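Reading through the C-alpha cells given below for one structure.
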Number of protein chains: 2
Amino acid sequence: MTRNSQAPRIAKSRAGIRPRPGRTRSGNGNAHNDLMNGEIGLDALAGHAGYAVRRFQIWIFQDFIRTLGAVDIRPTQYSVMTVIGANPGLSQMAVAKRLGIERARLVHLLDSLEQRDLVSRVKSATDRRSHALHLTPRGKASLAQFKRLAAEHERHVAEKIGKDNREQLLRILSAFT
Amino acid sequence: MTRNSQAPRIAKSRAGIRPRPGRTRSGNGNAHNDLMNGEIGLDALAGHAGYAVRRFQIWIFQDFIRTLGAVDIRPTQYSVMTVIGANPGLSQMAVAKRLGIERARLVHLLDSLEQRDLVSRVKSATDRRSHALHLTPRGKASLAQFKRLAAEHERHVAEKIGKDNREQLLRILSAFT
DNA sequence: AACAATTGTTGTCGTCAACAACAATCTTCC
DNA sequence: GGAAGATTGTTGTTGACGACAACAATTGTT
C-alpha cells in the first residue's frame, strides 16, 4: 500500500465555482439560474440530516487520518484497539459485534495489527474455536500515544463546530455508540 | 501522507501468522470472562464524535436506502439529481465540486441516471469540452416522488433521535452543507 | 453418536474515495 | 497567430470497506 488513500489534501479552495467562463446563455426556460453569481443551491438537500452528516463524517475521518498519520492508524484500527484494550480477552466475534464490523473484515484488521505487534491472538482455553484478543506490551504503549493524538483530533472537532456544539452532538448521538 | 506502513504481501499462505509466543502466564485461565455479563465497554471511544457520527451515518444511509428502495435511488444519486434539478445546465465539474464527488465517480453516476432517462447530458454550446446537465421530463417527475420519499425518511430520523435533536443537528452541521 | 450452531477464515462482489493518464478543448502569454 | 499550459470528461487502477457465501474446526444439543 504505502499509500493510504484518503489523505485529505484539504481543498485548495481556490476561487468559487464559476459555472462557465463564457456566457451561460443558451436560453433555456429557466431564467432564475443563480449560477450567474457563482452560487449553486442545494435545494432540498440542505434540509436532509443524512447529507450534512455524511459531509461531516468525511471531514472528521480526514482529520483523524491526518492527525494520526504519523503513527499510521486509521479510525477502524483505533476503535478495535480501544475496545480490546478496555476488554482484554474478548473474542473476535464479540469485538465484531460490538463495533458493528463484519467478522470477515475483522480478520484482516487483526492480521495487520498482529503483524505490527500491537495485538495478539491467544488461543482460548475454554473454547478452542475462538481467540482471546489482547494488546501486546507494545500495543498498550502505542495505544496510549494513539489516544493522545485522538484527543488532539477531538480538539480539532471542537474548534470546527464549537465546544458546546460538539458536546450536544455527542449527547444527541449517544444512542448510537 | 507519506506513510511507509507495512507490506501488503500477506495474500495467501496464512498459517504461521500467529507468533505463538511462549507467553506462559498472561492468566489465560479466564479467557472469556468479560463476556459473561454481556457488557463490553467502549472506553475512550464513547467520547469520540467521529465514532458516533459514523454509526449514525450508517443508520441513516440504511434507512434512506430502504425507504427509497422501491424507486431504487441511493443517497448519492438523490443528491446529484437534486442539485441538477435546482441548477439546470451545470457542468459535471461544477456538480462534482459542489457535492464533493470525484469527477471520475460522477461519470458512472451519470451514466446510470442517463440510462434510466432521468438525466441528460447536453453538449454545451459555449464550451465543447463540457456537458450541460438537465433533468429529463421523466427525471423531473421522478425527482418529485423521490423528494416525497426522502421526506418520509427524514421523519424516520426525527423519530429516531427526536424532532428537536434533529433540528439542532442540522443547525450544528449547517456549515458542512 | 447424530445433528445443528458457532468461530475463524478465505473468497467473491459491489460501493466508494483518491490518483494517474489521456484526448479534446479552452485560455493564456509571447 | 500560435505554442504552452490548464480544464473537462473519460478510462483505469488501487485500496478501504460492507455484505455474503462457503468451509474446517469445534462446540452444544438432543
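Residue numbering restarts at 1 for every chain, and letters A, B, ... go by the order of the sequence lines. What you see is a predicted model; the values in this text were computed from it and never measured.
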Separation of atom CG in B:Asp111 from atom P in C:dT15, rounded to whole Å: 13 Å
Sequence-aligned protein contact record of nucleotides 18-30 of chain D, with B where the base is within under 4.0 Å of a protein heavy atom and S where only the sugar-phosphate is: SBB----BBS---
Interatomic distance where CG belongs to A:Leu110 and C1' belongs to C:dT10 [whole Å]: 15 Å
d(CG, A:Leu99; P, D:dC17) in whole Å: 13 Å
CA sep, side-chain torsions, deciding dist, call: A:Tyr51, A:Arg55, side-chain hydrogen bond (donor to acceptor under 3.5 Å, both in side chains): CA-CA 6 Å; A:Tyr51 180 72; A:Arg55 298 296 297 255; 2.7 Å; yes
B:His156-B:Phe64 aromatic ring centre distance below 6.0 Å: no
Value in whole Å for how far the P atom of C:dA18 lies from NE2 of B:His108: 15 Å
Whole-Å distance separating the CZ atom of B:Phe64 from the P atom of C:dT15: 16 Å
A:Gly139 versus A:Met81, closest heavy-atom pair with distance: O-CE, 3.6 Å
Aromatic ring proximity, centroids under 6.0 angstrom, B:Phe176 and A:Phe56: yes
Flag, side chain of B:Gln168 to backbone of A:Gln168, donor-acceptor distance under 3.5 Å: no
Phosphate contact (D:dT7 OP1 or OP2) by B:Gln92 side-chain N/O below 4.0 Å: no
Whole-Å gap separating C1' (C:dG8) and CG (A:Leu90): 15 Å
Whole-Å gap separating C1' (D:dA16) and CG (A:Leu109): 10 Å
A:Ile73 CD1 to D:dA16 C1', straight-line distance once rounded to whole Å: 14 Å
Which atom of B:Ser91 lies closest to which atom of B:Ser130, heavy atoms considered: CB-CB, 4.3 Å
